[in-house]
Amino acid sequence: MKHLFISSFIVSCLACIPSGAYAGTNVAEAVEVARKAPRNQALNRAAGDALKDAGRFAESITYYMKAGNQGNLGAAEASYYMYDFDAARDYLDKYLAKRTKAEAEKDSQFSVSSTGEKTDWTEYLGNRISIGRSMLDRVENIEIIDSINVPSDEFFSFVKLARSAGTLAGMETIEKIVGQKEMEALGVDDIVQPAFVTESGDEMIWVGSDSNGNSVMVESFRLADDTWDAPVKLFDYSTVFGNSAGSWVDYPFLLNDGVTLYFASDGDESLGQLDIFMTRRDENGFLQPSNIGMPYNSPFNDYLYAIDEETGTGWWVSDRNRLTDSVTIYTFIPKEIRENYPVDTPSLASRARVSSIKDTWQDGKDYDRIRRSIASVGEKRRNGNTGEFDFQLPDGRVLHRLSDFNSPMARSAMQNYLKEKAEVDAMRDRLASMRKSFAGGDRMQGGEILRLEKALEQRTAALLPLANEVITLEM
C-alpha cells in the first residue's frame, strides 16, 4: 500500500501518553463522576486524562491535583502541552520523588520507536520538556498571514507555490518515475507522498519506507534522453543525525539554491513527534540537521516547511490543533535574517503556540496584496492542471509544461523564454499602473513612462528570437 500521509509504522510519541482507566470515557461523564467523588484519586485522574486528551489542558490540572502522585505526572504532561515547561518540570520532579517501584515499572514500558524498543516515559517526557524550555527562549518573530484547515491526506495540494519554487508532487507523478525495480534496489516497500520536484522538473526528492517502519530520503535525476537515472539514497535518520534514536525522515523541500533542504523527522532532537529540520548539502553530503524551533515546531506533528521566493511567502503544516483527519496550513512572511522575540515578551508561549495569527500582525500593515499574490498563484496552479503555459509549435502541437518537451535543450531554452516573458509581463503591469497614475494627475511619471515604453518595446522584440530558438531545438 502506498502511504497517503504518514507511515503507519510511526508511533505517535506523545499520543502514547500512559492514560488512566477512564481515558476513553466521555469527557463530560468523566468530569461529572469525579465531581461526585472529589476524594477518589482514580476518578480524578480519569477526569484529568479525559480533559487532557480533549485538549483542555488547564482544566485537566484541576483534577490531576486531586489524583495523588499519578496526578503530578498528568499535570506535567498537561503543562508541557501548554508550553509551561517550568511547571512541567516541577510536576515531573514531584512525581519522581514519590514514584513507587510499580509506577517505575509501568513507566519503563513506554515505546517511542517503530522497533518496539522500550524506554522510561518520564525520561522521554523530561527530555521533551528540556527541548521545549530551550526553544521558548528563541521563538522566531514572524508575521503569519493566514491559516487554513485541510484534509490531512491531501494537504500538499493546498500549498500554493509558484512554479519557480518547485512542486509538491503526488503519487501519480512519483510512480511515473519510481518503479518496483527502483524500490527493491533501495530496500523500500512503500512510497510516501508528496515528493518535491524542482522547477525544471529534472530533479525529484522523495521518501520510501521499509517494513520495519524506517524511512529513507531519495533523489532522482532526469537524464539528457528524458529517462530517469537510478535513484540515489540521500540519507535516513541514523546517517543524517549520527545516531539511531529516531526512524523517520519525510516531507522534503529544497530551496532554489539547490543546497538548503527542509524536512520533518522524529527522534531525540524533536520537541514532539515530527519536527521540521533544516540541513545543507556540501560536496560530502548533507550536514548535521538543525531543528528550526518555534513557532514552527510543537509537541505534535509538524510536517512541511516551504519557501516561495517569488511571492515572498512561506508555508508550514502542523496537526497541533488536533483536528480529526485534518491539519493546519500556516502562511507567513519569511525573513532573510532570523529575528527572535525577546525572552521577556508578554504571552511568549501563546505566540509560540500560534494561539492567534492576528497577534503576529504589524499594526496598520495591509496584507491583502500578499494574499492576492498567493491567490493568483493558486489560480495559475489550478489552470496548470491542464497547462502551465500554451506554446504552439509549427507542427500543430501545443505544449503546456516543461515535461512536454522531447528535447532537453529545448526545455532549457523554454525556461529562458519563460523567465524573460515573466519580466516583460511585469514591466507591462508596471507601465499600466504608471499610466493610470499619470491620468490621475501625477505628471511626474511622464518621463519614466516614456523610458519604460521604449524598454518594453525592446524586451518584447527580444522574445521572438528566444521563442524561435525553442522551436528550432524541439522540431
Side-chain angles (χ1 to χ4, degrees), residues 6-7 10 140 142 155-156 159 161-170 173-174 177-178 186 188 191-209 214-222 228-229 231-243 246-271 273-293 296-297 301-310 313-318 329-330 332 334-338:
I6 182 170
S7 171
I10 284 187
E140 185 171 358
I142 59 172
F155 75 87
F156 55 92
V159 178
L161 298 173
R163 287 197 299 270
S164 59
T167 301
L168 300 175
T173 297
I174 302 172
I177 299 170
V178 183
L186 292 164
V188 299
I191 299 172
V192 185
Q193 65 176 4
F196 173 77
V197 181
T198 58
E199 176 189 7
S200 66
D202 292 335
E203 179 184 359
M204 183 175 78
I205 299 177
W206 53 281
V207 172
S209 67
N214 299 299
S215 68
V216 58
M217 190 120 5
V218 182
E219 192 170 35
S220 296
F221 287 97
R222 191 196 301 265
W228 287 80
D229 199 2
V232 177
K233 175 182 175 181
L234 293 180
F235 56 78
D236 56 19
Y237 186 95
S238 61
T239 57
V240 74
F241 284 97
N243 59 63
S247 63
W248 203 256
V249 292
D250 206 347
Y251 308 107
F253 182 86
L254 186 68
L255 286 187
N256 285 340
D257 62 10
V259 172
T260 307
L261 179 72
Y262 292 92
F263 67 99
S265 184
D266 62 351
D268 282 346
E269 306 298 324
S270 298
L271 170 63
Q273 301 170 40
L274 290 179
D275 271 17
I276 299 167
F277 290 81
M278 184 273 289
T279 181
R280 288 188 172 91
R281 174 161 43 187
D282 63 15
E283 63 275 9
N284 298 316
F286 284 92
L287 304 177
Q288 176 81 14
S290 58
N291 190 308
I292 67 172
Y296 312 105
N297 290 319
N301 281 311
D302 299 282
Y303 301 103
L304 178 78
Y305 179 98
I307 298 294
D308 185 339
E309 295 179 359
E310 182 174 323
T313 54
W315 305 75
W316 95 87
V317 184
S318 175
I329 300 178
Y330 295 96
F332 66 100
K335 297 179 180 178
E336 291 187 10
I337 299 177
R338 181 177 179 125

For Ala264 and Tyr251, which heavy atoms make the closest approach, and how far apart are they? CB-CD1, 3.9 Å

Heavy-atom pair with the smallest gap, counting every atom of Ala165 and Ile307: CB-O, 4.0 Å

Euclidean distance, Leu261 CG relative to Leu234 CG, rounded to 0.5 Å: 7.5 Å

Check whether Asn301 reaches the backbone of Leu274 with its side chain - one donor and one acceptor, N or O, closer than 3.5 Å. yes

State, yes or no, whether a side-chain contact exists between Ser270 and Phe277 at a heavy-atom distance under 4.5 Å. yes

Mind listing the closest non-hydrogen atom pair of Gly208 and Val188 along with its distance? C-CG1, 3.8 Å

Checking ring pair (Phe, Tyr, Trp, His ring centres under 6.0 Å) between Phe263 and each of Tyr237, Trp248, Phe235, Phe253, which is the one that passes? Phe235

Going through the checks in order, is the side chain to side chain contact (heavy atoms under 4.5 Å, CB included) test met by Thr260 and Leu254? CA-CA 6 Å; Thr260 307; Leu254 186 68; 5.8 Å; no

Between the side chain of Thr279 and the main-chain N/O of Leu287, is any donor-acceptor distance below 3.5 Å? yes

Nearest heavy-atom pair of Glu269 and Asp275: which atoms, and what distance? O-OD2, 4.4 Å

Those residues that, when tested against Glu203, pass salt bridge (charged side-chain N to carboxylate O under 4.0 Å, His left out) (two or more places apart): Arg281

For Ser220, what residues pass the side chain to side chain donor-acceptor pair (under 3.5 Å) criterion, not counting sequence neighbours? Trp206

Between Glu199 and Arg163, is there a salt bridge with N-O shorter than 4.0 Å? no

Let me see the working for Ile191 and Val207 under side chain to side chain contact (heavy atoms under 4.5 Å, CB included), right down to the final yes or no. CA-CA 6 Å; Ile191 299 172; Val207 172; over 6 Å; no

Tell me every residue that passes salt bridge (charged side-chain N to carboxylate O under 4.0 Å, His left out) with Asp302, counting only those two or more places apart in sequence or in another chain. Arg320

Distance-only polar pair, side chains of Asp266 and Ser247, donor-acceptor under 3.5 Å: yes

Under a plain distance cut-off of 3.5 Å, with no hydrogens placed, do Asn297 and Asn291 share a side-chain donor-acceptor pair? yes

So with a 6.0 Å cut-off around CZ of Arg280, is the heavy-atom count from everything else above 12? no

Would Tyr305 and Phe332 count as a close aromatic pair, with their ring centres under 6.0 Å? yes

Where the side chain of Trp316 meets the backbone of Tyr296, is there a donor-acceptor pair that is under 3.5 Å apart? yes

Enter the distance from Leu161:CG to Asp308:CG here, rounded to the nearest 0.5 Å. 5.5 Å

Contact check, side chains of Asn243 and Ser238, non-hydrogen atoms, under 4.5 Å: no

For Asp236 and Ser215 the tightest heavy-atom approach is CB-O, 3.3 Å

Ignoring hydrogens and angles, tell me if any N or O in the side chain of Arg222 forms a donor-acceptor pair with the backbone of Met204 under 3.5 Å. no

Taken to the nearest 0.5 Å, the spacing of Phe241 CZ from Asp268 CG works out to 10.0 Å

Main-chain N/O of Asp202 paired to Ser200 side chain as donor or acceptor, under 3.5 Å: yes

